[in-house]
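Counting starts at 1 for both ligands and their atoms, in listed order. All figures in this text were calculated on a predicted structure; none of them were measured in a lab. The residues of the chain are indexed from 1 along the displayed sequence.
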Amino acid sequence: MTLAHKTTATVLVLCTLIAFTPAASAAKPQTRNRAEIPADVRWDFSAIYPNWQAWEAGMAEIEAKMEAFAKLKGSLAQGPAAVLRAYQGYDEIGKLQYLVYRYPQLQRDTDTRDQAVAARFQRVGAVFAKFDTATSWFTPELLKVPQATMEKWIADTPALSPYRFTILDNYRQQKHVLDEAGERLLSLASQFNRTPQATYQELSTSDIKFPSITLADGKEVTLSPGNYSALLESNPNQADRARAAAAHIGTYGATANTYAAIYNSLAQRDWFMAQARNFPTTLDAALDGNNIPRPVVETLVETTRAGTAPLQRYLKLKKKLLGLQEFHLYDNFVPVFRSDKTYPYEQARDAVLASVAPLGADYVAKYRRFVAGGRVDVYENEGKKSGAYSAGVYGVGPYLLLNHNDTLDSLFTLAHEGGHAMHTVLSYETQPFVTADYTIFVAEVASTTNERFLLEHLLKQTSDPKERFLLLQHSVQEIVNTFYTQVMFADFELQAHRRVEKGEPVTTEVLNTIYADLLKAYYGDAVTVDEFYKFTWSRIPHFFNTPYYVFQYATCFASSAQLFNAMNTGPQAERQAATERYLTLLKSGGNDHPMAQLKKAGVDLTQRATVQAVVEQMDALVTRMQAEAARVR
Ligand SMILES: [Zn+2]
């Protein structure tokens, strides 16, 4: 258990996937000077600390508590009272960690240029590192108490029951912990194990030189990732898009042999670590932390591969509406219709509140209180961090960062992040500290469910076919991005790693072939796949930074699709029961393994039907899109 890292909220990582488009229309207010933005749409940090002096006192307090905690070393075997004392001490430090971490971190994000805040934030990092080292004795010492003894202690000591799940999960994971000599040996490799990622980082960012091309209108553009994606979205000339794609992806292709060598070394490392810890496969090793059975990923991949028909139908519809002879992957970002409709923040806030009415008056009232002022940092300002996220402070509640620019995307971003924030609200008020944090495996269920509620709400509000088409397209595109694409990525990782496990070579040719075959399998004849797209694997940072991570986007999405169906179809009593189960899931924080939590909510990810729900949702949405498109013409 690495409590020190809990506060860095894994949720933050996940949300970076949700694309945030730069301002298309002016944000309101018309200033980028933070001081001129009304206080009620800016964060109020006083709920965390009244001032920096109080934060300094908090820093001193955490150091003192850490020292006191270190003195408990050697005491755990004394009995349940000693275990309880240690866990309670750990909790106190953990709660303080949230406060001392978030206070500078949130302020830094509102103005990343502020060096004084950045320096304070760095001090927190140093304290946390010290804590990690100072508490490294804790789990090994706990595990020296036999599991049966520990279970009896917990049963006999009611005050230990909130810690039951966390304590016993340590024993579960112990199966793959080696003896002291073995652990020491593995720990010596930990720096070295980061080499593939570090090498990838240098090659793909420091050393990469993106080419410039001249467009049909005579303008020259350097194809950096930002310029490249902007060009694909806004350039109506297909020939320009084609040349840009060939040049941009070709840049990676030019050093594909090096990327392949890095990927091979990474897969070899994963296989080495899996074998060293007695896992049958690399996938099993990757899934053990959250206790997820291997068939979840295998079923996800198989069911999605068999369910690509609606994806292909969507792409064919786009091809037709865009009037293209051939539809290429680089054509998928061009909007079919453009709209100048805006969604100012007040309207957006009212819409998201209205959309979740089916979740009940209590949920809505808490949501209303959360957005009432001080907890949502709404607008862009000089130096503010881009994108959007929700960050929890235990005992205080969530803080939500936006860069609302009145677009449809920013409206859905509010719904998404609001879903995370409300998950945090409900979990914090229900769970004790030790189980208050949820895993990313359930986090994106809360966010995507609220997006779905918003979609249905907005569709009810308008009869304009163009607007309805754009709303539906937004949702369909999200399924493409967070479901189909991520499953295809998981499929790639699985195939490449399996080759390594079987002792087969992983070369550029092998990786290119896996990727090209996947494009064929997922897009069929809906897309003309250009040769150079086979190099795409080399430009996916997730493959190199966090292997076996992306499938979680898809499982979250599938869970949310099934929950949404259950809450919105069938007899009233069943819908009501499904809604209660869903709210219980949100309130359960991290009090069990994510698969078990989802199962209690009615989602079984080992079943094909769960994944199939997304395929069916996609199919229904594409059908609705088709109908609206026919009305536009
Ligand atoms: Zn998210």
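Looking at residues two or more places apart in sequence or on another chain, you find a side-chain hydrogen bond (donor to acceptor under 3.5 Å, both in side chains) between Asp619 and Arg313.
The atom name of the N/O/S atom in His416 closest to the Zn ion (ligand 1) is NE2.
Contact check on Arg624 versus Glu628 returns no salt bridge, with no Lys/Arg side-chain nitrogen under 4.0 Å from an Asp/Glu carboxylate oxygen.
Distance alone, capped at 3.5 Å, places no donor-acceptor pair between the Ser427 side chain and the Thr424 backbone.
Backbone or side-chain N, O or S atoms of Glu417 do not reach the Zn ion (ligand 1) at under 2.8 Å.
For the pair OE1 of Glu444 and NE2 of His420, the angle whose vertex sits at the Zn ion (ligand 1) is 100° to 10 degrees.
Within a 6.0 Å radius of CZ in Arg368, no more than 12 heavy atoms belonging to other residues, nucleotides or ligands are found.
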